[in-house]
Amino acid sequence: MPELPEAERARALVELRGLNRRIAAVEDSDTYVCRPHAPGEIHEALRGHHLISAMRRGKSMWFETDGGPTLYLHLGMAGRLLLDEEPHEPWDRFALQFEDGGRLALRDKRRLGRAVLDPVLDRVGPDAADITPKAFRERIGRSRAPIKARLMDQSAIAGLGNLLVDEILWRASLAPTRPANELSDDELDGLRRHVRAALRDAMRGGGAHIGKFTPHRKKGGHCPRCKAELARGTVGGRTTFWCPVDQTE
DNA sequence: ACCTATGTTGATAC
DNA sequence: GGTATCAACATAGG
C-alpha cells in the first residue's frame, strides 16, 4: 500500500505524537531491515536522544534528533508505522521504545521496509505533491522511457507507485506505454495537475488504494468512463491496467 | 500442491 | 547515462 499518501500519514503521526520523547531503547535486531547496521548499532546511537523533526520526500521519511544521528524509515511494500500500540511480534521489524513507556513500531510482514541512520537522499527526486511545472516538464518529459516508468522513477519524481500511476494516467487519458518525450508541454502540464489532484484525493480518502479508477483495476474490470474492458499488461516491469479506448497512444 | 500474484527498491547487465 | 531485468522478502490466492 505505501505510496506518498501513506508515507505522509506516517510522518504526520510521528510529528503529532512522537517528537520530544526520550528514547530508552531501540529494537534493531532485524539485520535485513536495518542493513547495513549491526544489531545494537542503532540502539547505541539513538539511546537517550529525542526525535525533534519529522520530514518526508516522496516515500522516504527521516527524523532528526537532538545531537544524535538522523533516523531514516521507509515503509517498503507493506510496512506501516504504529505509535503507542501493543507490540506485535514477529512483525514489528524495528521499534523505538520511549522512556514514558510508549513505542514507535515499523510493522512489516514483508520485511522490505528499512530503518537506517544518516541516509543519503541524493537519489530521491522532488516530491510529487509540490513539484513545479518547470521541474516536471524537465524531469519527466526528457526520457524515452514509457511515461508510466518515468512517473514511477523515484529519482525523477518521488512518491508515486504502481497503483497511483495507473490512476493518474487513466485520469489524464494517456496510455502508459507512451514515450515520455513524445508528450507536449501542454500534456505534461495537464499530467502534473492530475498527479496533484490524485494525490490530494488519495490523502483525503485515506490512501492510494482508493480512487476513481483503482477499484476497477482488476481482471475483467471496466473503464468507469466508457465501460470498455480494461487492458492488462506489463509496463516498466509492473502489472498495468488501462483503458484501451480512452487512454490514447 | 504448485504456481503466480503483490503496493517497494537496488544491483546488475545491456 | 538511461533503461530493462531480476532478486530481495513473506504471504495470499487461483
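Throughout, protein chains are lettered first and strands after them, A, B, ... in sequence-line order, and every chain is numbered starting at 1.
- For A:R232, whose side chain is taken as the heavy atoms from C-beta onward, the closest listed nucleotide among C:dT3, B:dA5, B:dT9 is B:dA5.
- Rounded to whole Å, atom P of B:dA5 lies 16 Å from atom CG of A:L163.
- Using a cut-off of 4.0 Å between Lys/Arg side-chain N and Asp/Glu carboxylate O, A:R21 and A:D100 are scored as salt-bridged.
- Following chains of ILVMFWY side-chain contacts shorter than 4.5 Å, one can reach A:V116 starting from A:M55, so the two form part of one hydrophobic cluster.
- Among the heavy atoms of the strands lying under 4.0 Å from A:R150 are primed sugar atoms or P, OP1, OP2 only; no base atom is included.
- Residue-environment remark: CZ (A:R193) stays at or below the threshold of 12 foreign heavy atoms within 6.0 Å.
- The nearest whole Å value for the distance from the CG atom in A:D108 to the P atom in B:dT6 is 18 Å.
- In this structure, A:I157 places its CD1 atom 13 Å from P of B:dT9, rounding to the nearest Å.
- One atom, CG of A:L160, and another, P of B:dT9, lie 10 Å apart when rounded to the nearest Å.
- Ion pair A:D153/A:R150 flagged as a salt bridge, since at least one NZ, NE, NH1 or NH2 atom sits closer than 4.0 Å to an Asp/Glu carboxylate oxygen.
- Across the protein-nucleic acid pair, A:D153 atom CG and B:dG10 atom C1' stand 12 Å apart, rounded to whole Å.
- Heavy-atom neighbours of A:R35 CZ from other residues, nucleotides or ligands within 6.0 Å: above the threshold of 12.
- Taking a cutoff of 4.0 Å between a charged side-chain nitrogen and a carboxylate oxygen, A:E85 and A:R107 do not qualify as a salt bridge.
- Between A:H74 and B:dT9 there is a side-chain polar atom (N or O) within less than 4.0 angstrom of OP1 or OP2.
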Give the dot-bracket line for DNA chain B from 5' end to 3' end: parentheses for intra-strand Watson-Crick or G-U pairs under 3.5 Å, square brackets for crossings, | for inter-strand pairing, dots for unpaired. .|||||.|||||||
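- Salt-bridge check for A:R238 with A:D166: failed, with every basic side-chain N at 4.0 Å or more from each acidic carboxylate O.
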Walk me through whether A:L174 and A:K148 qualify under side chain to side chain contact (heavy atoms under 4.5 Å, CB included). CA-CA 10 Å; A:L174 292 172; A:K148 167 159 183 174; over 6 Å; no
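- For the C1' atom pair drawn from C:dT3 and B:dG7, the interatomic distance equals 22 Å after rounding to whole Å.
- Residue A:G76 is in sugar-phosphate contact alone, with no base atom involved, counting any heavy-atom pair closer than 4.0 Å across all strands shown.
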In the 5'-to-3' direction, what one-character label does each nucleotide of nucleotides 7-14 of chain C receive under the scheme B = base within less than 4.0 Å of a protein heavy atom, S = sugar-phosphate only, - = no such atom? -BBBS---
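- The distance between atom CG of A:L4 and atom C1' of B:dT9, rounded to the nearest whole Å, is 16 Å.
- Contact check, A:T239 against B:dA5: no side-chain N or O comes under 4.0 Å of OP1 or OP2.
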Evaluate the criterion salt bridge (Lys or Arg N to Asp or Glu O under 4.0 Å) for residue pair A:R9 and A:E6; output intermediate values, then yes/no. CA-CA 5 Å; A:R9 264 211 319 193; A:E6 289 79 8; over 6 Å; no
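- Comparing the P positions of C:dC6 and B:dT4 gives a spacing of 14 Å, expressed to the nearest Å.
- As rounded to the nearest Å, C:dA7 and B:dC3 have P atoms that lie 16 Å from one another.
- Of the P atoms belonging to C:dC9 and B:dT12, the separation is 15 Å, rounded to the nearest Å.
- For A:L121 and B:dT9, the CG to C1' distance is 14 Å, given to the nearest whole Å.
- Here the side chains of A:I23 and A:H43 are not in contact, with every heavy-atom distance at 4.5 Å or above.
- Distance from the side chain of A:R238 is smallest for B:dT8 among the nucleotides B:dA5, C:dT3, B:dT8.
- Per the geometry, CD belonging to A:E6 stands 15 Å off C1' belonging to B:dT6, to the nearest Å.
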